[in-house]
Each structure stands twice: as structure tokens, then as C-alpha cells.
*Asks:* 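Below are the C-alpha cells for one structure; questions will follow.
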Amino acid sequence: SRPSLLVLDGPPTALGVTTQIEALKGFKTLIREEKAAALYVTHDLSAVAQIADRVVVLYRGKIVEQGPVDQIIGRPEHPYTRRLMEAVAPRMSAGKAAYIDQVKRPDSPSMETCKVTAGYGKITDGRSAIPVLSDVDLTLPKGRVLGVIGESGCGKSTLARVLAGLHTAARGEVLLDGAVLSPIVSERSRHQLQRVQFIFQMADTALNPRQRIGDIVGRPLTFYHGMTAKARWDEVARLLDLVELPAAFARRYPGELSGGQKQRVSLARALAARPDVLLCDEVTSALDAIVGDNVIALFRSLQKKTGVSIVFISHDLSLVSSFAHDIAVLYAGRIVEKGPVQQVLSPPYHPYTRLLIASVPEMRIGWLEDTANSRSALAASGQAVRLAETGCAFFNRCPSAIGGLCDQSVPKLKPVQAKGPHTIACHLH
């Protein structure tokens, strides 16, 4: 419509880092070519650094600081602005590896997938009409955090739904402590349901707006543990305190809470079941940097206290690297790399992992142009993700692809070192 003013309300917030780069490039091109003004509303300060000329910082409905982008990013004056900057500082530093290194790898897995293939539409010959996942093998050790990363549309949420029994796999099995789970949630026993809990991405749609917080958190206590009214009320108060919410919130409705508070209620509800496994699907993507960091700190604390195993699904590689013990990189429905976080984030990489690492936004002006012009970004730019039955799915976006090999033969996951836990599915390795 050739606008004079574009109002952009956080459009790339829930997108993967590589997709976000393409979106930001598109916005900048549109603004330049149409000579339009733009108001870009977001909690992603790294995106602000790439697209804005001036920045206005809002806190509790009031402007607390404003000025040129280089001044706000380089020399913030208001305490809240400085907190925002600290919250989005690079998380992929070695300083946060201390938490990861302290946890000994156990011998027994808590949850596993074996050759899981899934998609949508009619299933024939073990295949779905629209394939999404292909032969996914994952292991979640007890008491550890497995980060699953990848671009939007790579199959992360479908994988979580298969693990929870909310989506039926066309082929393969999901195991809990070595026992095969029914692929359909309604056919799982109450004990199996209790042991695997799902925390959804959007708390707004996951919480019943007509129920009070006390009833939402208390229902699993009655359903799984048969608690009476008095015992349930005391336990609800304890759970709210555990997720750092006042007990008085039990009388509130979800609409009276902030986004971060609602996500904490979702966590309290899941913990009420006393699960062995938590499935967390993009639980911080809709939250601002400060609230998101607080939620992750809470997850980290609870994981240490309870020993619960966590599948943490996200497109934010820097966030996953600061929290997970192990990482699985998912591309076009296949695992292309997996292993301990320190090894996956250190060379050698799968070419797609390298692209993800290079695409983690930096808080500096000009980063977008530098990254967009890199060899790996140029190779991936404008190329659609393809679900390939033959060859490597990343072939059409890989700067190091070998013609006649990568497009013909599907690479298998192989250890980077003999019998090591770090594996890569790439013909180059």
C-alpha cells in the first residue's frame, strides 16, 4: 500500500535467528526504497541496534530515556536501560559454563526417542502426507537439560508434541525409563501423564482465563495426588512461592498478571504434578530480555533443587547455550548435530550450526550488514528449507556443499572423536 508510516510491533520476535536476519533486511530495504518512517516496537535490543536511528525506552508506561541509537546502546544513563543491556549481553561466554560443568552425566536416560518420524496428513507406509520429522534419535539423561534448537518450521514443536503424546508419530517410539509410551496421550496411564509435563509457548492460551490461579495450579494436585481442599491450598501457596509469586496471586485471574507472571503460573502448574520430565516449548520467546532471564534463572534453580529432566526447545542458541547441558541441532526435521554444549559450540561444527552461531545478534550497529554479507549467510539467503529424502537437506544452503555427494547421499550422525558423545551428520566430517 506504499505507506508513509510503518508500525512494526515486534514482528520477528518468535522467528529463528537466520529468519530474523532476512526479516530485518527486508524491513530496512522497504523503509529505504519507500522513504517511509517506521515505528519499531520490540523487546529485542539487538534488533533495535540494526534498524533504529533513535530509541525510546519505556518503563511502566513512561519514557525513561531516549536518544540516538548509538548513545542508548553505548552510553545508557537510566538504570532500567542499563539492566536491559546487561540482560542481552552475549550469553555464549565461557563464564556461564560453570553451571553446566558441575553436573555429572548419569548412565541411565530419563526419556528417549527411537527413529521418530512424524508429520501431518494421511499416513501411508509409515510416512505422513506432509513430513516434518525424520528418524529423530534423542536421549535425555536424568537430571539434565537437553536444548533443542533450530529455525522456525524445523520441527521443534512437533517433536515436543510427539514426546507429550499430543501428536502421533508415523513411525518410531518414545521411551520413558526404558518403557515404550503410547503415542496417543489418551492411552497413557495417569502415572505416565504425571511424569511428563508440557509448558507451552504462549501462557495466554495455555491458561483458562475464567479460572483463578489457585484452581489452575491446584487441579493437578487433585487429579494426580488426590489432595483435599486444605492440603491443596497449602501446596498451591508453596508452589507459587517456589516460582517466586505471592500466595495472594492464587485468588487472581490470568488476565490480572503480566506475561512473565503467567509463564511462572504455567511452570507452577507443571511442577504441581511432580514430573520427572518437563517439555518447555519456546517458553521465553514472548518475554522481554529481563523477564526472560529471570525465568531461565528460575528454571536453573528448580532444576538443581528437584533434579527434573528438561527438554528445552528454542530458536535462541545463545539462551540455550547458557542453560542446557546438551544440545541437539534440528534442521528440516533431522538431527544434524548433537552433544554436550561445550563441544557443540566449539569447532568443528556442522555448517548449519556454524550459520546459527554466526547469526546470533550482537549489540552493535552494522552487525546486520556484516553478517548478511558473510559467506555462510549469502549461501543460505533466499534459499527455501527443503525436506529431502535423498541427500543432505542443507545442501542448497551450504557454502561447503560437495556436488554429486551431498545432494545424493544422506549423511549419518558420526562421532567427531572415536566413541565421543559429540556427533555430526555431515559428509565434510
Side-chain angles (χ1 to χ4, degrees), residues 14-19 22 111-140 146-175 183 198 201 279-282 285 311-317 320 326-339 344 349-356 359 380 383-398 401 406-414 423-427 429:
L15 302 179
V17 286
T18 55
T19 315
E22 294 299 317
M111 199 171 212
E112 299 172 90
T113 66
C114 181
K115 300 294 181 184
V116 164
T117 296
Y120 298 89
K122 187 177 180 180
I123 299 174
T124 56
D125 299 326
R127 296 182 180 276
S128 303
I130 304 173
V132 175
L133 299 174
S134 180
D135 293 329
V136 173
D137 287 329
L138 284 177
T139 299
L140 172 65
L146 170 65
V148 180
I149 64 169
E151 293 171 305
S152 303
C154 71
K156 303 187 300 295
S157 293
T158 299
L159 174 61
R161 292 174 63 81
V162 168
L163 293 175
L166 299 175
H167 186 79
T168 304
R171 200 169 60 233
E173 295 177 330
V174 177
L175 295 87
F198 202 129
Q201 177 177 357
L279 306 176
C280 304
D281 186 14
E282 300 276 15
S285 64
V311 178
F312 192 83
I313 292 171
S314 177
H315 61 256
D316 188 339
L317 178 57
V320 170
D326 306 285
I327 288 181
V329 183
L330 195 63
Y331 181 78
R334 292 182 181 271
I335 299 294
V336 298
E337 184 168 4
K338 61 182 178 180
V344 171
Y349 310 114
H350 188 281
Y352 177 61
T353 308
R354 186 187 303 117
L355 174 65
L356 289 178
S359 301
Q383 297 293 328
V385 177
R386 65 189 189 100
L387 300 171
E389 293 189 11
T390 59
C392 175
F394 194 57
F395 171 78
N396 65 325
R397 302 176 68 195
C398 180
C406 296
D407 57 337
Q408 298 296 324
S409 175
V410 177
K412 295 181 180 180
L413 281 165
K414 295 181 181 180
T423 56
I424 295 178
C426 180
H427 294 300
H429 297 283

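Keep in mind that what you see is a predicted model, and the values were worked out from it rather than measured. These numbers come from the heavy atoms of this one structure, side chains and all, not from hydrogens, waters or symmetry mates.
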*Asks:* Between His350 and Val329, is there a donor-acceptor pair closer than 3.5 Å when you use the side chain of the first and the backbone of the second?
*Replies:*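 No, because the side chain of His350 does not come within donor-acceptor range (under 3.5 Å) of the backbone of Val329.
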*Asks:* Give me the atom names and distance for the closest heavy-atom approach of Val132 to Gly155.
*Replies:*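 Closest pair (atom of Val132, atom of Gly155, distance): CG1-CA, 3.7 Å.
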*Asks:* Kindly compute the distance separating CG (Leu330) from CD (Glu151), expressed to the nearest 0.5 Å.
*Replies:*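 Rounded to the nearest 0.5 Å, the CG-CD separation comes to 10.5 Å.
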*Asks:* Test of understanding: with ring-ring contact (aromatic ring centres under 6.0 Å, His included), list the residues that count as partners of Phe312, not counting sequence neighbours.
*Replies:*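 Counting only residues at least two positions away or on another chain, Phe312 forms a ring-ring contact (aromatic ring centres under 6.0 Å, His included) with Phe323.
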*Asks:* Which pairs, with at least one residue in residues 153-163 and sequence neighbours excluded, count as a side-chain hydrogen bond (donor to acceptor under 3.5 Å, both in side chains)?
*Replies:*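 Every pair satisfying side-chain hydrogen bond (donor to acceptor under 3.5 Å, both in side chains) with a residue in residues 153-163: Tyr120-Thr158, Ser157-Asp281.
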*Asks:* Would you say that Asp137 contacts Lys115 through its side chain, given a criterion of any heavy-atom pair below 4.5 Å between the two side chains?
*Replies:*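 Yes, side chains in contact.
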*Asks:* Nearest 0.5 angstrom please: Leu146 CG to Ile327 CD1, how far?
*Replies:*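 One finds 9.0 Å between CG of Leu146 and CD1 of Ile327.
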*Asks:* So, for Ser128 and Ile123, which heavy atoms are closest and what is the spacing to 0.1 Å?
*Replies:*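 Looking at all heavy atoms of both residues, the shortest contact is OG-CG1, 4.0 Å.
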*Asks:* Using 0.5 Å steps for rounding, measure from the CG atom of Leu356 to the CD atom of Glu337.
*Replies:*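 Between atom CG of Leu356 and atom CD of Glu337 there are 10.0 Å.
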*Asks:* Give every donor-acceptor pair under 3.5 Å between a side-chain atom in residues 163-172 and any protein atom, sequence neighbours left out.
*Replies:*
residue: His167; atom: NE2; partner: Gly119; partner atom: O; Å: 2.6
residue: Arg171; atom: NH1; partner: Gly126; partner atom: O; Å: 3.0
residue: Arg171; atom: NH2; partner: Thr117; partner atom: OG1; Å: 3.3

*Asks:* Once you round to the nearest 0.5 Å, how far does CD of Glu173 lie from SG of Cys114?
*Replies:*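 Atom-to-atom, Glu173:CD and Cys114:SG are 6.0 Å apart.
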*Asks:* Checking Phe395 now: which residues fulfil ring-ring contact (aromatic ring centres under 6.0 Å, His included) with it, not counting sequence neighbours?
*Replies:*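 Phe395 satisfies ring-ring contact (aromatic ring centres under 6.0 Å, His included) with no other residue.
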*Asks:* Rounded to the nearest 0.5 Å, how far does OH of Tyr331 lie from SG of Cys392?
*Replies:*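 Separation between the atoms: 8.0 Å.
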*Asks:* Is there a donor-acceptor contact under 3.5 Å from the side chain of Lys338 to the main chain of Thr139?
*Replies:*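 Absent.
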*Asks:* CZ of Phe394 to SG of Cys406: how many Å apart, nearest 0.5 Å?
*Replies:*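 Nearest 0.5 Å value for the CZ-SG distance: 11.0 Å.
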*Asks:* For Lys412, check side-chain contact (heavy atoms from CB on, under 4.5 Å) against everything at least two apart and list the hits.
*Replies:*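 For Lys412, no residue satisfies side-chain contact (heavy atoms from CB on, under 4.5 Å) once neighbours in sequence are set aside.
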*Asks:* Any donor and acceptor pair, going by atom type alone, linking the side chain of Thr113 with main-chain N or O of Leu138 inside 3.5 Å?
*Replies:*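 Checking the backbone N and O of Leu138 against the side chain of Thr113, a donor-acceptor pair under 3.5 Å is found.
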*Asks:* Can you name the salt bridge (charged side-chain N to carboxylate O under 4.0 Å, His left out) partners of Asp407, sequence neighbours left out?
*Replies:*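 Counting only residues at least two positions away or on another chain, Asp407 forms no salt bridge (charged side-chain N to carboxylate O under 4.0 Å, His left out).
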